[in-house]
Amino acid sequence: CKTFSVDSKRFGNRIVMSLTTVFSLGLVMSAITVIILVVLFVVDTFWVQGLPWHKDCTPIYVQFFVKFFIIGVTVLVVAVPEGLPLAVTISLAYSVKKMMKDNNLVRHLDACETMGNATAICSDKTGTLTMNRMTVVQAYVADKHYRNVPEPQLIPAAIMDILVLGISVNSAYTTNIMSPEKEGGLPRQVGNKTECALLGFANDLKRDYQAIRNEIPEEKLYKVYTFNSCRKSMSTVLKNADGSFRMFSKGASEILLKKCSKLLTASGETKVFRPRDRDDMVKKVIEPMASEGLRTICLAYRDFPVSEGEPDWDQENDILTSLTCVCVVGIEDPVRPEVPDAIKKCQRAGITVRMVTGDNINTARAIATKCGILLPGDEFLCMEGKEFNRRIRNEKGEIEQERIDKIWPKLRVLARSSPTDKHTLVKGIIDSTVLEQRQVVAVTGDGTNDGPALKKADVGFAMGIAGTDVAKEASDIILTDDNFSSIVKAVMWGRNVYDSISKFLQFQLTVNVVAVIVAFTGACITQDSPLKAVQMLWVNLIMDTFASLALATEPPTESLLLRKPYGRNKPLISRTMMKNILGHGVYQLIIIFTLLFVGEQIFDIDSGRYAPLHSPPSEHYTIIFNTFVLLQLFNEINARKIHGERNVFDGIFNNLIFCSIVFGTFIIQIVIVQWGGKPFSCVGLSIDQWLWCTFLGFSSLLWGQLISSIPTKSLRFLKSAGHGTQRQEIPDEELEDMEEMEEIDHAERELRRGQILWFRGLNRIQTQMDVVSAFQSGSSFQERQLRRQPSTSSQQQHDVTNVSSPTHIRVVNAFRSSLSPYEGLEKPESRSSIHNFMTHPEFRIEDSEPSIPLIDDTDAEDDAPTKRNSASPRNNNNAVESGNNHLYVEGNKAAGTPSAPGSPLHSLETSL
């Protein structure tokens, strides 16, 4: 969990606190045991028996005291569950290894357990819920809506030429349709999937787009306006032989149609495209396509005649207007067949799935319905990012948590959203106090701009195929197959980690309680522990190392998804577990004490009680030790179920590690008893005695069935344990400090730290350049000054000062200019929200694209992107979208000056 919360302690903190409490109790018990043994020995020897202290007997007395001390240390060792951290580590490491086979590459171990408590998943649509294999299935061209891809002869030649030319050149040249890997397979799509769908559409029209690209290589593209999340379109300009220009554009249909003023008709002529015509096309073409889950893309062009001269390409508002609509296509991205079932499992497990996408709201609603996120009759919300921002902000444009709390509980689909909208939604859900339990949010992301949302989320999932390096670095888990069903498997493994640790804890505490009470009571009554030191160490090995391996490697089952999330404050030891611990502890104590005090009569053997100091091992105490170990061995099978299930053998053979450890422990126990001898304080037992010990051990399984029959609710005296520190238990001063720390968002600090590293590197380069230039110019100036050769020393000193002054001033100014962007920066502790950070005057993340309206001319609330390609209109920025975001410092204008266009820093910034 990356967000600190006073009420939501991390899983490891609860384990540490539990260990601390148990260690304190064990230390007290061991100290009391040693004190009681020493007092009883001294009273019995020197008072009851009246023996004097003889110097010759001092070594014997010391041996007794050492024996008592060893018994006390043994009680302490057995009392402390030091194997619990080992079980946690083994469980997490084992889960991480197995999750790789389920296409989950875990980068942070604690993300496994956190995912088990997830209550909300904010998922992308393309590639996660859908197959990310896009194909054009419908088209509106030449005044006709084709429900299937039209035959080439149905499209007029003039329209066909413009359409195919626009598709071929107005796309990344790295995007291609390749031949299938296997004969009879589907063609491979390389690059942007939407562009692949359009190139496939050109192939379906029996045209070769590659031939056009060969004729017009990328170097001949006069101007390219690359696609980004703000522009929602891409445009490419070609210069014709007569000096005129033609611009091809493609983008979101409802956005690009607002820029169109003409429409190509079936005759190849253009007609006026009025707003009324646009509304008719939206209702009759775009909305029907979107309702079927299709992504609608508009293809358009614009001619710039020679008579008007070359336009100012930097004025994108004027360029991207008066377009002529050529075609509107409907692109299908099929829902992954396994996704609907996976979403049903999430909903049954108490996890709310929300879809956050950049698609049209009708398309998003249709896909959400197919996936099962939206069901008929539900009163859940579907809204666009623009409407979402309008409803969560006050009159000043500030985000208010109260407004978010009114929306997010019913929000299921957020369409036409930006990465900032995703971050706002995630932060709003995490910070909400509407529900009793704090929400645990998982988020998927693939783009560079998804980094803040992935960092803010409790668990961030990055796409292994389509994800950028920045997104992967910001994530906790990487989905190697980009599939939503892999997230469900991560939930199963997360819950399995929690249950595995709980199983181990239930088993170990049962052993601890019984072993400590037996050692303590036996030592106080018989002045000797029934379980010897070496035997206790073997028991400790069984319940620590072996049990952690056996119980922490249980594979997950589908039944884990049939219950609600535990919640962040659920205690480690539930009331049902407490019932099992006390029930089995009492049963084992009854058997052990029965064997201790009347065992010699039952088996007709000599008593092992009150044996001399160096007496040989007895059958009596060997039977007690053997029965105790077998009780734990069969109780380990009981510990496999912690929710009151009756069938403790369910799936036992699916865990070969568990079976191997139980069987191996039984074999080693036979060897220790039969051939352990004096080192283990054991003597060989007969077959009858072994059968009785085995029967008594097996009886714990029958006793477990009886315990399962007792309703936990009827045992009101039982209390859960392992809650962690609650708010009311923390001192007021510490609580205030923690609340101040809580306001510092970790993702915010990491993002700011990354920005500062960028600026620091750039400024160091600038400083070095300035220093070199200063010394170069200073050296030449110094040579000219030294030629004067003044006559007096005072005049010489004055001239030297004059000589060094320009160099000194230049160097100082160079270093000052490097420090100026950081002057006046506010400390991270003074900000309480990343929403404020995103609009902070010192640091901004802006799109380096020409300024155009996001939706239409009335979208004044959206920030205009910065200009790009201002140096030369021939710049081709068609390569990648990863360079969209450019980081710069606004800073103190009086202290820092921007780099000149020809400076080394400017060149470095441009290349970056």
Side-chain angles (χ1 to χ4, degrees), residues 126 131-180 185-218 220-221 224-227 233-238 240 246-253 256 260 263-266 268 285 289 294-303 323-334 876 878-879:
T126 304
M131 298 178 66
N132 200 22
R133 182 175 181 84
M134 301 188 184
T135 53
V136 175
V137 294
Q138 295 186 27
Y140 178 86
V141 59
D143 282 337
K144 188 174 182 180
H145 185 187
Y146 295 93
R147 296 290 177 177
N148 297 303
V149 177
E151 295 295 328
Q153 58 271 18
L154 299 178
I155 301 177
I159 297 179
M160 177 72 80
D161 293 338
I162 295 175
L163 177 62
V164 176
L165 178 60
I167 291 175
S168 302
V169 300
N170 189 30
S171 60
Y173 275 41
T174 54
T175 301
N176 281 294
I177 303 295
M178 310 293 289
S179 57
L186 295 174
R188 289 180 294 146
Q189 296 183 343
V190 179
N192 184 279
K193 302 302 180 182
T194 303
E195 292 181 347
C196 286
L198 295 174
L199 295 177
F201 180 51
N203 288 341
D204 293 339
L205 296 176
K206 305 297 188 276
R207 292 298 186 96
D208 185 8
Y209 70 87
Q210 192 59 49
I212 297 176
R213 287 182 171 181
N214 294 336
E215 183 182 347
I216 308 176
E218 196 170 4
K220 290 187 177 181
L221 303 181
V224 176
Y225 300 96
T226 57
F227 179 90
S233 66
M234 175 183 178
S235 301
T236 301
V237 181
L238 299 179
N240 300 323
R246 170 168 286 184
M247 180 181 69
F248 294 97
S249 297
K250 71 171 185 289
S253 57
L256 209 59
C260 294
L263 177 68
L264 269 183
T265 61
V285 178
M289 286 183 180
L294 304 182
R295 172 181 289 183
T296 55
I297 301 295
C298 176
L299 304 173
Y301 76 98
R302 179 184 177 183
D303 287 325
L323 302 178
T324 300
C325 178
V326 179
C327 176
V328 175
V329 296
I331 300 177
E332 181 185 37
D333 187 9
N876 180 9
N878 192 29

- Item | CA sep, side-chain torsions, deciding dist, call: T324, I162, side-chain contact (heavy atoms from CB on, under 4.5 Å) | CA-CA 11 Å; T324 300; I162 295 175; over 6 Å; no

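- Under the salt bridge (charged side-chain N to carboxylate O under 4.0 Å, His left out) criterion, R207 pairs with D161, sequence neighbours left out.
- Judged by distance alone, the side chain of R188 and the main-chain N or O of P180 form no donor-acceptor pair under 3.5 Å.
- Between Y173 and R213, the shortest heavy-atom contact is O-NH1, 3.5 Å.
- Applying the side-chain hydrogen bond (donor to acceptor under 3.5 Å, both in side chains) test to T126 and every residue at least two apart in sequence or in another chain returns R295.
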- Assess whether side-chain contact (heavy atoms from CB on, under 4.5 Å) is satisfied between L264 and Y301, documenting all intermediate values. CA-CA 10 Å; L264 269 183; Y301 76 98; 4.0 Å; yes

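- Here OG of S179 is found 12.5 Å from CG of L186. Values are rounded to the nearest 0.5 Å.
- Taking all atoms of both residues into account, the shortest heavy-atom contact from A202 to I167 is CB-CG2, 4.4 Å.
- Residue K206 holds its NZ atom at 10.0 Å from CE of M160, rounded to the nearest 0.5 Å.
- T194 OG1 to L199 CG: the interatomic distance, rounded to the nearest 0.5 Å, is 11.0 Å.
- Residues L165 and I216 form a side-chain contact, since some pair of their non-hydrogen atoms from C-beta on lies under 4.5 Å apart.
- Scanning all heavy atoms of the two residues, the minimum distance from A139 to F201 falls at CB-CZ, 4.2 Å.
- Within 6.0 Å of CD on E215 lie no more than 12 heavy atoms contributed by other residues, nucleotides or ligands.
- Here the straight-line distance linking atom CE of M247 with atom OH of Y225 works out to 7.0 Å at 0.5 Å rounding.
- Note: N240 CG to D303 CG = 7.5 Å, rounded to the nearest 0.5 Å.
- Although no hydrogens or angles enter the test, the distance criterion places no donor-acceptor pair under 3.5 Å between the side chain of N176 and the main chain of G191.
- Every residue meeting the side-chain contact (heavy atoms from CB on, under 4.5 Å) condition with S168, not counting sequence neighbours, appears here in chain and number order: V164, Y209, I212.
- For the pair V326 and F248, the minimum side-chain heavy-atom distance is 4.5 Å or more.
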- Task: Start with the C-alpha distance between C196 and I177, add both sets of side-chain angles, then the distance that settles side-chain contact (heavy atoms from CB on, under 4.5 Å), and finish with yes or no.
- Result: CA-CA 6 Å; C196 286; I177 303 295; 3.9 Å; yes

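- Shown here are the side-chain hydrogen bond (donor to acceptor under 3.5 Å, both in side chains) partners of T175, two or more places apart in sequence or in another chain: E195.
- Between N132 and D333, the shortest heavy-atom distance links the atoms N-OD1, 2.8 Å.
- Residues S235 and N170 come closest through the heavy atom pair C-OD1, 3.5 Å.
- The heavy-atom pair separating S233 from L256 by the smallest distance is CB-CD1, 4.1 Å.
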Going by atom type alone, with no hydrogens or angles, which donor-acceptor pairs under 3.5 Å involve a side-chain atom of residues 144-159 and a protein atom two or more places apart or on another chain?
residue	atom	partner	partner atom	Å
H145	NE2	Q138	OE1	3.0

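- Taking 4.5 Å as the limit, some side-chain heavy atom of L238 sits within range of a side-chain heavy atom of L221.
- Judged purely by atom type and a 3.5 angstrom limit, Q189 has no side-chain atom pairing as donor or acceptor with the backbone of R133.
- Atom CD of E332 sits about 11.0 Å away from atom CE of M134, to the nearest 0.5 Å.
- C325 pairs by the side-chain contact (heavy atoms from CB on, under 4.5 Å) definition with L257, C260, L263, C298, V328, not counting sequence neighbours.
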